[in-house]
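Read the structure below first, then the notes.
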Amino acid sequence: MSGRNTFYTTTPIYYVNDVPHIGHAYATLACDVMARFKRLDGFDVHFLTGTDEHGQKVEKAADAAGMSPQAFTDKVSQSFRDLVGVMNYSPDNFIRTTEKRHYASCQALWEKLVASGDIYLGKYAGWYSVRDEAFYAEDETTVGPDGKRRAGPVNNEVEWVEEPSYFFKLSAWGDRLLEFYEKNPRFIAPESRRNEVISFVKGGLQDLSVSRTSFSWGIPVPGDPKHIMYVWLDALTNYITECGYPDESNPLWRFWPADVHVVGKDIIRFHCVYWPAFLMSAGLVPPKRVFASGWWTTEGQKISKSLGNAIDPVAVTQEFGVDPVRYFLLREVPFGNDGDFQRRALIGRLNADLANAYGNLCQRVLSIVAKNCGSVVPPKGTLTDEDNALLGRAKGLLAAVRAEIDEQAFHRALIAIWEVIADANRYVDAQAPWALAKTDPVRRDTVMWVLAETIRRVTLLVQPFMPESASKILEQLAVPQEARAYVAFDQELVPGAALPKPQGVFPRYVEPAKAAS
RNA sequence: GGGCCCGUAGUUCAGCGGUUAGAACGAGCCGCUCAUAACGGUUAUGUCGCAGGUUCGAAUCCUGCCGGGCCUACCA
């Protein structure tokens, strides 16, 4: 294989009972930025996203739609696949849990768990609400004056249900999990999630029911096909299915263990408790890190179906452009926190950070070069302390951004880049190249070279966040495709290279005039 | 009930024991004119949720209270 370092990142696989909204877009975006950064940084990268297509809910939704489950999931899965294009993601593959190879992988994993003695046949019993399709613990139920037992958000009637089920001996894994967390402090991020998971495990683990007989849309248990595997066992396994499991000679197996699973904060437990337990039981290494992203609200309100206030990625990107939306999502909120999607804040970021600070910097520099330096990279003369100060900060950016990306601190990476952009704008004013044009054109050329070179470095680092816009700017600097990876970070602009006519990349957003009514 | 986060300028946040509490955006004023009415400089605003305590010294540590959010397992 390649001798390069590998980097494997995954999104949650999205459950096909929902249409994609900004929350889905967000988790995948984080992975996309990491994947793009690591590719540019010379890593052998694999970036996986996909859909989770089994389970009772899907079976019922398909039935209600008068479709076969397969036809139904084909349809809904496509809307998530379309999001890849809408948001300009760069996954290496889009996995579906209905793929044949995934059945084989899950069944192989199951057999490993059996061989380890961690699976046994028992009986799953509990108070079940048909309306909610959920089991409730005894203390979650109440008996009303009519003698009927009820539970759940709308207090639906529950009945005692018993069904045979296979169990995973999770109860035996508590100490080993705690030891694993202890030895791998980076395994769960952010910190508060780590605390939650540890306290959950310390509270004692019960065995986990890992098969159902109440529906059939799923992966049959080997040797007992009446039983369908618990959807989470099925879903989590996608991450190793992709690497070829159980065939460890598959070339993609080099990517396991994954470097970062990005997940929503609601599914942290499945990824941080069940998943490492399954893997260790099967003799596999758990992933290196699970990062829980927060939730987005809309203009201060929770996203809810009844309010219909979910942000549609297609609509926002059409209105504001893909790159500004990508920038906003990662800059506005520290990754791991909850965020509020405010239209006003998005416009503020677009205008202040992109159009004014960065876009205008490129424009003012490139138009001087075009008008006064003959549309070529200007000659680099003797550098002053001011020149070296600015260039030095631009050079330092790669290491700084790399460190932030490795912590999934995307907002801090962007802050670091934008500090250099602000420095560059200050430098333009301090050097006043328009005045130098009359007094010292040689010095003016050097100033313009320093600026162009600074924009080159900044833009190389902007690439993972805003690929399309960065590419346009690099074209205007005549940086060839092969000089855009970080191995070429120190490959300075060569004076004399011809430059195309500059063009604005981030137009200001002006609220359209209200139509007369 | 138990546990974990959080509450700092209009807004988003940084600071997490030590000089007059910071940044960005937004607002005012000044400058510049290369540029996307962009850029730079500058000013202003805060009982650092409340009340106690520890300390020579607390936004920063401890306790209590108030307010917000999350976790507390088998729908995913």
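In what follows, every heavy atom counts, from backbone to side chain, and hydrogens, waters and symmetry copies are set aside. Numbers restart at 1 for each chain; the letters A, B, ... are given by sequence-line order, proteins then strands.
- Pairs passing the side-chain hydrogen bond (donor to acceptor under 3.5 Å, both in side chains) check and including a residue from residues 367-380 of chain A, sequence neighbours excluded, read A:Lys380-A:Glu492.
- Partner of A:Val450 under the side chain to side chain contact (heavy atoms under 4.5 Å, CB included) criterion, chosen from A:Ile455, A:Leu390, A:Leu493: A:Leu390.
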Every protein N/O within reach of nucleotides 7-11 of chain B N/O, cut-off under 3.5 Å:
none

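- Comparing the P positions of B:U54 and B:G7 gives an interatomic distance of 25 Å, to the nearest angstrom.
- On the P atoms, B:A24 is 16 Å away from B:A14, given to the nearest whole Å.
- Here the side chain of A:Glu59 pairs a donor or acceptor atom with the backbone of A:Trp217 at under 3.5 angstrom.
- A:Ser211 and A:Tyr124 form no side-chain donor-acceptor contact under 3.5 Å, judged by distance and modelled atom types alone.
- A:Arg331 has its CZ atom 8 Å from the C1' atom of B:U12, to the nearest Å.
- Checked by atom type, the side-chain pair A:Ser209/A:Ser165 shows a donor-acceptor distance below 3.5 Å.
- Contacts of A:Arg193 classified as side chain to side chain donor-acceptor pair (under 3.5 Å), with partners at least two apart in sequence or in another chain: A:Glu196.
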Protein-nucleotides 3-5 of chain B N/O pairs under 3.5 Å:
from	atom 1	to	atom 2	distance (Å)
B:C4	O3'	A:Asn195	ND2	3.4

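- A donor and an acceptor atom, one from each side chain of A:Arg289 and A:Gln408, are located under 3.5 Å apart.
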Let me check something: any side-chain donor-acceptor pairs from residues 500-510 of chain A under 3.5 Å, sequence neighbours excluded? List them with distances.
from	atom 1	to	atom 2	distance (Å)
A:Arg508	NH1	A:Asn356	OD1	2.9
A:Tyr509	OH	A:Glu319	OE2	2.9
A:Tyr509	OH	A:Arg343	NH2	3.0

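- With both ends at atom C1', the span from B:C4 to B:U47 equals 30 Å, rounded to whole Å.
- Scored by the salt bridge (Lys or Arg N to Asp or Glu O under 4.0 Å) test, A:Arg331 finds no partners at all (sequence neighbours excluded).
- The side chain to side chain donor-acceptor pair (under 3.5 Å) test applied to A:Asp340 returns A:Thr297, not counting sequence neighbours.
- Here, B:G22 and B:G15 have their P atoms 15 Å apart, quoted to the whole Å.
- RNA chain B is contacted by both A:Asn337 and A:Asn351; A:Asn337 maps to the nucleotide lying nearer its 5′ end (nearest heavy atom per residue).
- Partners of A:Arg443 according to the salt bridge (Lys or Arg N to Asp or Glu O under 4.0 Å) rule, which considers only residues two or more places apart in sequence or in another chain, are A:Asp387.
- The residue among A:Phe200 and A:Val231 whose nearest nucleotide of RNA chain B lies closer to the 5′ end is A:Phe200.
- A ring pair (Phe, Tyr, Trp, His ring centres under 6.0 Å) with A:His54 is found for exactly one of A:Tyr103, A:Phe72, A:Phe215, namely A:Tyr103.
- For A:Trp275, the side chain to side chain donor-acceptor pair (under 3.5 Å) partners at least two apart in sequence or on another chain are A:His261.
- Using a 4.0 Å heavy-atom cutoff across all strands shown, A:Tyr230 reaches sugar-phosphate atoms only and no base atom.
- Shown here are the salt bridge (Lys or Arg N to Asp or Glu O under 4.0 Å) partners of A:Glu404, two or more places apart in sequence or in another chain: A:Arg412.
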>> I'd like to compare against my own output: the B/S/- annotation of nucleotides 25-37 of chain B with a strict under-4.0 Å heavy-atom distance to protein.
In response: S-----BSSBBB-
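- B:U72 sits 32 Å from B:C16 when the P atoms are compared, rounded to a whole Å.
- A gap of 35 Å separates the P atoms of B:U55 and B:G10, to the nearest Å.
- Paired runs in RNA chain B that reach 3 or more consecutive Watson-Crick or G-U pairs, where each pair keeps both distances under 3.5 Å, cover B:1-7 with B:66-72, B:10-13 with B:22-25, B:27-31 with B:39-43, B:49-53 with B:61-65.
- Across B:C6 and B:A44, the matching C1' atoms stand 29 Å from one another, rounded to whole Å.
- When the C1' atom is compared between B:G31 and B:A38, the two are found 15 Å apart, to the nearest whole Å.
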